[in-house]
Amino acid sequence: MKRSSIAELLKSDKFLNEVKVKGWVRTFRSNRFIALNDGSTLNNIQCVVDFETFEESLLKRITTGAAIAVKGTLIESQGKGQTVEIQVSEIKILGDSDPEIYPIQPKHHSLEFLRENAHLRIRTNTFASVMRVRSTLSYAIHKYFTDNGFYNVHTPIITGSDAEGAGEMFTVTTLDLNNPKRNESGQIDFSEDFFGKNTNLTVSGQLEAETFAMALSKVYTFGPTFRAENSNTSRHLAEFWMIEPEVAFNDLMDNMDLAEDFIKYVIKYVLINCADDLAFLEQRLIQEDKSKPQNQRAEMALLEKLKFVVNNNFKRVSYTEAIEILIDSTPNKKKKFQYIIKEWGSDLQSEHERFLVEQHFKCPVILFDYPATIKAFYMRLNEDGKTVRAMDVLFPGIGEIVGGSQREERYDVLKAKMEANHIDEKELWWYLDTRKFGTAVHSGFGLGFERLVQFVTGMGNIRDVIPFPRTPQNAEF
Ligand code: 4AD
């Protein structure tokens, strides 16, 4: 007999059918009710056992965490809480789980404890819900771009250029680290290395994606990126996934429209397709909030917050306007910010971004036209000569979720900016070439996938929205 998924059976209205399911025991009550979960849905199926029909030795092995196969009849549930249940006729233990040592007991576990057991935490409702939402978001992203005429580009993970300037990089090498060959000045001689040059894990696929946009017009990447920053925060990972669309002939305003439309689409998609998981995650947050002081509780429940983002325009504010607001703000005047904003040109920290979004505008904000000095070399210089066509999308509770720009398409300006930033032309000759042959206005952005998953699921720590987080001092599993 073919195995049914629990999700399928819970939706079924065909009673008295013989069914077979396999899954992991969540609980076994009164030697009679097995709550079985196979991950296909948040919900367990109740399997009702007549204990007189089964050997006690078998019943004893139905413990939390054990893998079992159950055959029986699907009937209308006699109890509350579910519409169907299985009247069990046959049970097979597939894999025992010793209740004395199984770490995931049916009780509250802290997120910290579960992080240490990341190989098992997916068996909890919270993590299974988060990872189902993550998977659905990933699908929605591919669907959005495919439906809108974009092509997916697989940009390299190993890169020979470190000029993006997005962060510290991880070196990729096969050299003998105990005894690398050095040149006359004492530096490691990478000409002996696997690729004959110094290579790194990529921090972004943007520069390569730009070359594709100059032929296929609308492209996007969705891949892993690596940053060796020593940022131990709830929003930083050393390995994270980024979505980077790049569009020929789009200017900064088109880029903002795309970012807003795209984010709203994927959130709407999960609101429709992950309703159970999101409702569960909302309840989890409501419970978590009860233990917090009143002023730290969320102003909106999770679903309300997601619907708010979908139904309202993002506020578009220039950097200059934002700086004026920040200089005049109470936390700045009262020196409550860790970094006081004194003048135009200051880089914005997460505390400032969150003030703008959470206290001042109370909605997602797109900041644009930043000072050239605090942004990457490839962003298009404005006519004022001091700002660039950059944009960051800021979200409540998260801060920056998207970073993007209109790219500098003018060969001479780009070349001059590279020189000013000490970027070796020899390294990025191919990037400059795209400005030599058929250059055109183009724009793109990067969305941090885990930050989006954090926002949608309401999880406070980015380590809890990626299966196996990589952070400073941590690459377990
Ligand atoms: O602003 P960033 O550095 O932009 C770029 O890398 C551009 N090349 C993107 C582009 O224009 N194509 O990063 C983009 C986004 C950030 O807004 C943030 O959401 C996320 O990537 N991000 C991180 N997420 C998790 N951990 C980190 N260490 C992150 N650094 C950036």
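Quick note: residue numbers are just sequence positions, from 1. Numbering of ligands and ligand atoms starts at 1, following listing order.
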Contact (N/O only, under 3.5 Å) between Gln206 and ligand 1: yes
Is the distance between the ring centroids of Tyr220 and Tyr151 under 6.0 Å? no
Under a 4.0 angstrom heavy-atom cut-off, which atoms of ligand 1 come close to Glu400? 1 (O), 16 (C), 17 (O), 19 (O)
Intermediate values then yes/no, salt bridge (charged side-chain N to carboxylate O under 4.0 Å, His left out), Arg132 and Asp277: CA-CA 8 Å; Arg132 276 189 295 265; Asp277 286 317; 3.0 Å; yes
For ligand 1, indicate whether the residue Tyr378 contacts it via side chain, backbone, both or neither (heavy-atom separation under 4.0 Å). side chain
N/O of Ile401 under 3.5 Å from N/O of ligand 1, yes or no? yes
Of the side chain and backbone of Phe445, name the one, both, or neither that has a heavy atom under 4.0 Å from an atom of ligand 1. backbone
Mark the output for Arg407 as yes if a heavy-atom distance to ligand 1 is under 4.0 Å, and as no if none is. yes
Ring centroid separation for Tyr339 and His352, is it under 6.0 angstrom? no
May I ask you to decide if Arg134's main-chain N or O and Ser138's side chain share a donor-acceptor pair within less than 3.5 Å? no
Centroid-centroid under 6.0 Å between His142 and Phe222 rings: yes
When you measure from the side chain of Thr124 to the backbone of Arg121, do you find a donor-acceptor pair of N or O atoms at a distance under 3.5 Å? yes
Judged by non-hydrogen atoms, does Arg227 sit under 4.0 Å from ligand 1? yes
Check each atom of ligand 1 against the heavy atoms of Gly403 and keep those under 4.0 Å away; list them by number with element. 1 (O), 9 (C), 10 (C), 11 (O), 17 (O)
When you look for heavy atoms under 4.0 Å from ligand 1, do you find them on the side chain of Arg451, its backbone, both, or neither? side chain
Within the structure, does Leu237 bring an N/O atom to less than 3.5 angstrom of an N/O atom in ligand 1? yes
Which atoms from ligand 1 have a heavy atom of Glu244 less than 4.0 Å away? 7 (C), 8 (N), 9 (C), 10 (C), 12 (N)
Are Phe226 and ligand 1 in contact, using a heavy-atom cut-off of under 4.0 Å? no
When you measure from the centre of the six-membered ring of Tyr370, is the NZ or CZ of Lys375 closer than 6.0 Å and no more than 45° off the axis? yes
Both conditions, 6.0 Å and 45 degrees, for the charged tip of Lys218 above the ring of Phe249: are they met here? no
Glu260 (side chain) donor-acceptor with Phe314 (main chain) under 3.5 angstrom: yes
Show me which atoms of ligand 1 lie under 4.0 Å from any heavy atom of Glu229. 28 (N)
Numbered in order shown, the ligand 1 atoms found under 4.0 Å of a heavy atom of Ile462 are 25 (C)
Could you tell me if any non-hydrogen atom of Ser405 lies under 4.0 Å from any atom of ligand 1? no
Does ligand 1 come near enough to Gly448 that some N or O of the ligand is less than 3.5 Å from an N or O of the residue? yes
Given 3.5 Å as the limit, does a donor-acceptor pair link the side chain of Arg297 with the main chain of Glu288, or not? no
Judged by non-hydrogen atoms, does Glu246 sit under 4.0 Å from ligand 1? no
Test your reading of the model: is there a side-chain donor-acceptor pair from Asn183 to the backbone of Gly186, 3.5 Å cut-off? yes
Region of Arg235 that comes within reach of ligand 1 [heavy atoms, distance under 4.0 Å]: backbone
Counting each atom of ligand 1 from 1 as listed, which ones have a heavy atom of Gly404 under 4.0 Å away? 11 (O)
Decide whether a cation-pi geometry holds between Lys386 and Trp344; the criteria are a distance under 6.0 Å from NZ or CZ to the six-membered ring centre and an angle within 45° of the ring axis. yes
